[in-house]
Amino acid sequence: MTPAIIAFVVVLLIGAPVAVVMAISGVAGVYSLGGERLVGIIADRMFSGVSGYMLIAVPYFIFTAELMNQGGLTHKLIAFNNALFGRIRGALSHVNVTVSLFFAGLTGAAITDTVAIGKIMIPEMKKQGYDAEYAAAITACSSIIGPIIPPSVVMVVYATLLRDISVIDLFAGGILPGVLMTLALLLTSIVLAWLRGYPKQAGTPIRVAVLAFFSALPAMLVPLIILGGILSGMTTITEASGFAAVYAIFIGVVFYRNLTLEKIWNALVTTVKFSGVVFFLLATSAVLGWFVTRSGIAREAATLITTLSDVPFVQIMLVCLLLIVLGTVMDVLPALVVIGPVVVPAMVSLGFDPLHFAIVMIVTLNIANVTPPVGMTLMTAARIAEVPYERAILASLPFYCAFIGVVLLLAAFPFLSTWIPSLLG
């Protein structure tokens, strides 16, 4: 175990990509267990890490999201949500949150949400008198809803990596926590808007609101197609993701009529780049995960947790604290593939429900998207807003506290994660 830890720390400190860090530390760990006799298993583990049929859904989900971005969906969703919240003080702030809720059912990735919505909402919020750092903070924090509301790339990776729970249960389990995160952000946004006197907008006539709804409806049907097919058992996740991509091309070309061959090509290029990163992470994490299982690190982690406390709520809070600390130096997917094989078996062995802990872990890790110094979504939003990153961090603190409150609720009340999956049997 020691050679693996040394290799992990050294390679990470020299600035190598996380996938390379996991590959080298995994090889060192495997070699320390059985020498050259076990090194031959590395290629087999890497192949098995990316050969799952369910993983075909990952590039399809990414492709669908990119098609909707290229097809101008964001404008339709913003127009519809603006019709709903225009009369309320701080309207654009609330629209930012609710658009992310709708957009979450299309993207499955926080950074996509940040870029697509931020490029439209942040300049408009600045124009109407919102602080630039506040516009960046609310955009970045609301984009975290993306990987929680299904479909979610993070959940597909989790189910493939840990294999102790189905991705269908994860999708169903993420619905209520995603709604809770949305409500927490909306409440914080409403309070801050009144305290700071952010502007209202003119009310939208009923006719305009109805037209905005029907204009956005074909796009909003995408998550219903995906989830309806999966949760009803009519399609597999892979089949639903493929159909969603075909449907996205159809409405972009036929209904909205602004999805050109060039835009489809751009969506394909982005899909290949993002998918390559995800699959490389999965391949190398499979080696490290095999080593973690064989070395007994998970058992040692469980023992350490029980020595610190025998109270379940305290135990899960200790793990959440570890996840938040890890999130300060790693993005969500790398953090998941590094820590998941260690803490998940440990927590299950302590008696925690696998689905409950999976949702708590995914939500907590996604807070890393706005946790400095990495905080990729917050950093991206700050660049779009043309505001120093430090100011965006300070502006995000109220929303960060709201997220911590949601994590505490999810940790204390398992039914928030398990209720909807239980209804589906």
Side-chain angles (χ1 to χ4, degrees), residues 74-75 77-104 110-111 113-146 148 178-204 209 212 324 366-373 375-409:
T74 312
H75 293 84
L77 290 178
I78 290 174
F80 171 57
N81 283 271
N82 199 37
L84 296 178
F85 292 97
R87 297 176 183 270
I88 304 173
R89 183 172 297 281
L92 285 186
S93 178
H94 317 324
V95 168
N96 203 320
V97 176
T98 53
V99 167
S100 291
L101 176 64
F102 285 102
F103 212 69
I111 193 68
D113 188 310
T114 303
V115 174
I117 295 176
K119 286 184 176 180
I120 301 172
M121 291 298 299
I122 291 177
E124 186 62 27
M125 290 179 72
K126 290 171 63 178
K127 186 187 302 182
Q128 293 197 20
Y130 293 81
D131 300 320
E133 58 268 30
Y134 176 82
I138 188 67
T139 302
C141 292
S142 62
S143 68
I144 294 179
I145 302 169
I148 309 301
V179 172
L180 287 175
M181 294 177 75
T182 304
L183 293 175
L185 286 177
L186 276 176
L187 180 60
T188 307
S189 172
I190 290 170
V191 171
L192 291 177
W194 278 100
L195 290 176
R196 300 177 182 179
Y198 287 142
K200 298 179 183 180
Q201 290 182 284
T204 304
I324 290 174
N366 272 286
I367 297 177
N369 278 304
V370 292
T371 306
M376 286 304 299
T377 58
L378 186 59
M379 192 178 298
T380 302
R383 289 173 181 168
I384 296 173
E386 299 178 340
V387 66
Y389 185 39
E390 296 78 11
R391 286 171 55 189
I393 292 172
L394 291 176
S396 69
L397 288 179
F399 303 111
Y400 193 89
C401 293
F403 283 145
I404 296 299
V406 173
V407 170
L408 290 173
L409 282 175

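Predicted model, so just to flag it, every value in this text is computed and none were measured.
Using a 4.5 Å cut-off on side-chain heavy atoms (C-beta onward), V406 and L183 make no contact. Residues I404 and I324 meet the side-chain proximity criterion, which asks for heavy atoms closer than 4.5 Å. In this structure, I144 and M181 have side chains that are in contact, with non-hydrogen atoms separated by less than 4.5 Å. Put simply, the side chain of T371 reaches to within 4.5 Å of the side chain of Y400, judged on heavy atoms. L185 has its side chain within reach of I145: a pair of non-hydrogen atoms, C-beta onward, lies under 4.5 Å apart. Counting only heavy atoms from C-beta outward, the side chains of L192 and P398 approach each other to under 4.5 Å. Using a 4.5 Å cut-off on side-chain heavy atoms (C-beta onward), M125 and Y198 make no contact.
Taking both residues in full, the closest heavy atoms of E133 and A395 are given as O-CB, 3.5 Å, listed atom of the first, atom of the second, then distance. Nearest approach of A137 to L378, heavy atoms of both residues: CA-CD1, 4.1 Å. For S142 against S100, the heavy-atom pair with the smallest separation is OG-OG, 3.0 Å. The nearest pair of heavy atoms linking I122 to A136 is CD1-CA, 4.1 Å. Nearest heavy atom pair, residue S189 against residue I138, reads CB-CD1, 4.5 Å. Nearest approach of S93 to Y134, heavy atoms of both residues: OG-OH, 2.6 Å.
L180 contributes atom CG, which lies 7.0 Å from atom CG of L409 (distance to the nearest 0.5 angstrom). In this structure, CG on D131 lies 8.0 Å from CZ on R391, to the nearest 0.5 angstrom. For the atom pair CG of L92 and NZ of K127, the computed distance is 10.5 Å after rounding to the nearest 0.5 Å.
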Q: Decide yes or no on side chain to side chain contact (heavy atoms under 4.5 Å, CB included) for T98 and L186, but give the supporting numbers first.
A: CA-CA 8 Å; T98 53; L186 276 176; 4.2 Å; yes

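A donor-acceptor pair under 3.5 Å is formed between the side chain of K126 and the backbone N or O of A385.
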